[in-house]
There are 2 protein chains.
Amino acid sequence: MESTRTTFERLSMPLIAHLARLGRRAVDASTEPGGLRHRQVIALNLLSERGAMSQQALGESLGLDPSNVVGLLNELEECGLTIRRRDPADRRRHIVELSPGGETVLKAAQVRLARVEDTIFHALSPEERAALYELLVRAVGADRPGPRPQCD
Amino acid sequence: MESTRTTFERLSMPLIAHLARLGRRAVDASTEPGGLRHRQVIALNLLSERGAMSQQALGESLGLDPSNVVGLLNELEECGLTIRRRDPADRRRHIVELSPGGETVLKAAQVRLARVEDTIFHALSPEERAALYELLVRAVGADRPGPRPQCD
DNA sequence: TATTGTTATACTCTATAACTATA
DNA sequence: TATAGTTATAGAGTATAACAATA
């Protein structure tokens, strides 16, 4: 009998998987063809919150394989939304950062993202949404977003 | 200014997407090759919670396209975990239900799933996990699991 | 020799459209 | 004509392995 274990009748992961799918579909649906896809928005969002970082760090933060990070950044860079530059201290590294255009595009995407959340979480009150957000932040162990280093 | 809108700095969906990815990988990693994959566990879990239902209803509950439901059920049926039978009342319909073997396999999978949750949510207290679960249940608008209509 | 990023490749997940059989 | 399920197919997401450049 595992006393410290999650009760079987209360598994959260299926619910999270479901919400993630709903969210992804809604985001993709709210985006005009050729626009930012779900993954890209999430990557931009992270770069905006945490600032410039290496590809490796980006991949870890996204929980994404390094080889996928390459393709993701290629797409974003083609659109001029991110910039890769060599780290002078270690020329193997690429430092990735948001371009000014990326910030602008991200802001628009965040508006759409917030609308999608309004739809998906319509059953929750603002307080409950805030509580949910706090729990999720703690779960992923991410630092709180906080004011980001002022770029527009 | 949209006063009823989610604050941009508190978007939950990127966090949910991240947790969903972590969860899926952990589940797949905890499964021996040839074993149940993430999707399949979720489908079995739903059938166990809600009892027999049509493929259409299953697809809606899973937020999955009907064509995907077919493939998913084919896999499960090949392993003898689910059963499809025609609805006598409307012979176009397939009624899907868990087989006894499916119940057994699901129980084992739930143990693994619970372990994965213990890992992913290690930063949360049991009370917080319960609170998270409740919020997620409300968000997906799903009925609480409840005792299922006795099939074995 | 180890590490960062890249390429090539394959497998899974998901959606769309056309088809069948029932209604 | 409409609906439940199926098939075929294509595209997105993700992981693995081998490789290049740099440390």
Side-chain angles (χ1 to χ4, degrees), chain A residues 14 16-31 33-43 52-78 82-96, chain B residues 14 16-31 33-43 52-78 82-96:
Chain A
I16 286 177
H18 187 230
L19 286 173
R21 185 163 43 232
L22 288 184
R24 190 178 50 71
R25 281 200 298 193
V27 168
D28 289 345
S30 77
T31 304
L36 287 182
R37 283 192 313 272
H38 189 236
R39 277 199 332 168
Q40 301 172 317
V41 175
I42 290 182
M53 63 181 80
S54 73
Q55 287 192 203
Q56 180 178 257
L58 182 62
E60 274 168 20
S61 297
L62 291 170
L64 213 56
D65 192 86
S67 64
N68 299 321
V69 177
V70 174
L72 182 56
L73 289 178
N74 286 348
E75 297 164 356
L76 291 172
E77 215 170 43
E78 272 176 24
T82 57
I83 301 168
R84 268 189 278 214
R85 55 184 171 78
R86 289 279 172 193
D87 181 350
D90 182 345
R91 291 182 35 73
R92 291 173 302 184
R93 276 196 175 82
H94 272 158
I95 304 295
V96 187
Chain B
I16 286 178
H18 187 228
L19 287 173
R21 185 165 40 230
L22 288 183
R24 190 178 51 70
R25 281 199 299 190
V27 169
D28 289 345
S30 76
T31 305
L36 288 180
R37 283 191 312 271
H38 190 236
R39 277 199 333 169
Q40 300 173 317
V41 174
I42 290 182
M53 64 180 77
S54 73
Q55 286 191 204
Q56 181 178 256
L58 182 61
E60 275 169 19
S61 297
L62 291 170
L64 212 55
D65 192 86
S67 64
N68 299 320
V69 177
V70 174
L72 182 55
L73 288 178
N74 286 348
E75 298 165 355
L76 293 173
E77 216 170 42
E78 273 176 24
T82 57
I83 300 168
R84 268 188 278 213
R85 55 186 171 77
R86 289 279 171 193
D87 182 350
D90 183 344
R91 292 182 33 73
R92 291 174 301 185
R93 277 197 173 80
H94 273 158
I95 305 295
V96 186

TODO: Could you tell me which residues satisfy salt bridge (Lys or Arg N to Asp or Glu O under 4.0 Å) with B/Arg25, sequence neighbours excluded, listed by chain and number?
DONE: none
- [ ] Hey, could you give me the CG/CG distance between A/Asn68 and A/Leu73, rounded to the nearest 0.5 Å?
- [x] 11.0 Å
Task: Phosphate-side-chain proximity, B/Gln55 and D/dA4, N/O vs OP1/OP2 below 4.0 Å - done: no
Open item on the list: Any side-chain N or O of A/Arg24 below 4.0 angstrom from OP1/OP2 of D/dG13?
Closed with: no
Task: Among D/dT7, D/dG5, D/dT14, the one nearest A/Asn68 by side-chain distance - done: D/dT14
Using nucleotides 17-23 of chain C, report all nitrogen or oxygen pairs with the protein that are shorter than 3.5 Å.
unit_1: C/dA23; atom_1: OP1; unit_2: B/Arg91; atom_2: N; d: 3.1

Open item on the list: Restricting to salt bridge (Lys or Arg N to Asp or Glu O under 4.0 Å), what partner residues turn up for B/Arg85, sequence neighbours left out?
Closed with: B/Glu97
- [ ] Take the protein atom CZ of A/Arg85 and the nucleotide atom C1' of C/dT4, then report the distance between them rounded to whole Å.
- [x] 16 Å
Task: Rounded distance in Å - CG (A/Leu72) to C1' (D/dT14) - done: 12 Å
Task: Phosphate-side-chain proximity, B/Arg93 and D/dG5, N/O vs OP1/OP2 below 4.0 Å - done: no
TODO: Could you work out which one of C/dC13, C/dT7, D/dG5 sits closest to the side chain of B/Arg39?
DONE: C/dC13
Open item on the list: My understanding is that only residues two or more places apart in sequence, or in another chain, count here; which of them pass salt bridge (Lys or Arg N to Asp or Glu O under 4.0 Å) with A/Arg21?
Closed with: none
Open item on the list: In whole Å, I'd like the distance from the CG atom of A/Leu62 to the P atom of C/dG5.
Closed with: 13 Å
Task: side chain to side chain contact (heavy atoms under 4.5 Å, CB included) partners of B/Ser61, counting only residues at least two apart - done: B/Leu46, B/Arg50, B/Met53
- [ ] Output the single nucleotide from C/dT14, C/dG5, D/dA12 whose closest atom is nearest the side chain of A/His94.
- [x] C/dG5
Open item on the list: Output the rounded distance in Å from CG (B/Asp28) to P (C/dC11).
Closed with: 15 Å
Open item on the list: For A/Val41, give me all partners under side chain to side chain contact (heavy atoms under 4.5 Å, CB included), at least two apart in sequence or on another chain.
Closed with: A/Leu36, A/Ala109, A/Leu113
Open item on the list: It should be established whether B/Arg21 places a side-chain nitrogen or oxygen under 4.0 Å from OP1 or OP2 of nucleotide D/dT14.
Closed with: yes
Task: Nearest-angstrom distance from the residue atom CD of B/Glu60 to P of C/dT14 - done: 17 Å
Task: Side chains of B/Gln56 and B/Arg93, donor plus acceptor under 3.5 Å - done: no
- [ ] Please report, rounded to the nearest Å, how far the C1' atom of D/dA23 is from the CD atom of A/Gln56.
- [x] 13 Å
Task: Rounded distance (Å) that lies between atom P of C/dT12 and atom CD of B/Gln40 - done: 10 Å
- [ ] Could you state the atom-to-atom distance from CG of B/Leu64 to P of D/dG5 in whole Å?
- [x] 13 Å
Open item on the list: Would you say A/Arg37 places a side-chain N or O within less than 4.0 Å of OP1 or OP2 belonging to D/dG13?
Closed with: yes
Open item on the list: Does D/dA15 have its OP1 or OP2 closer than 4.0 Å to a side-chain nitrogen or oxygen of B/Arg25?
Closed with: yes
Open item on the list: Return the CZ to CG distance between A/Arg37 and A/Leu72, rounded to the nearest 0.5 Å.
Closed with: 8.5 Å
Open item on the list: Let me spell it out: for each of B/Pro66 and A/Glu75, pick the nucleotide of DNA chain D with the closest heavy atom. Which residue's pick is nearer the 5' end?
Closed with: B/Pro66
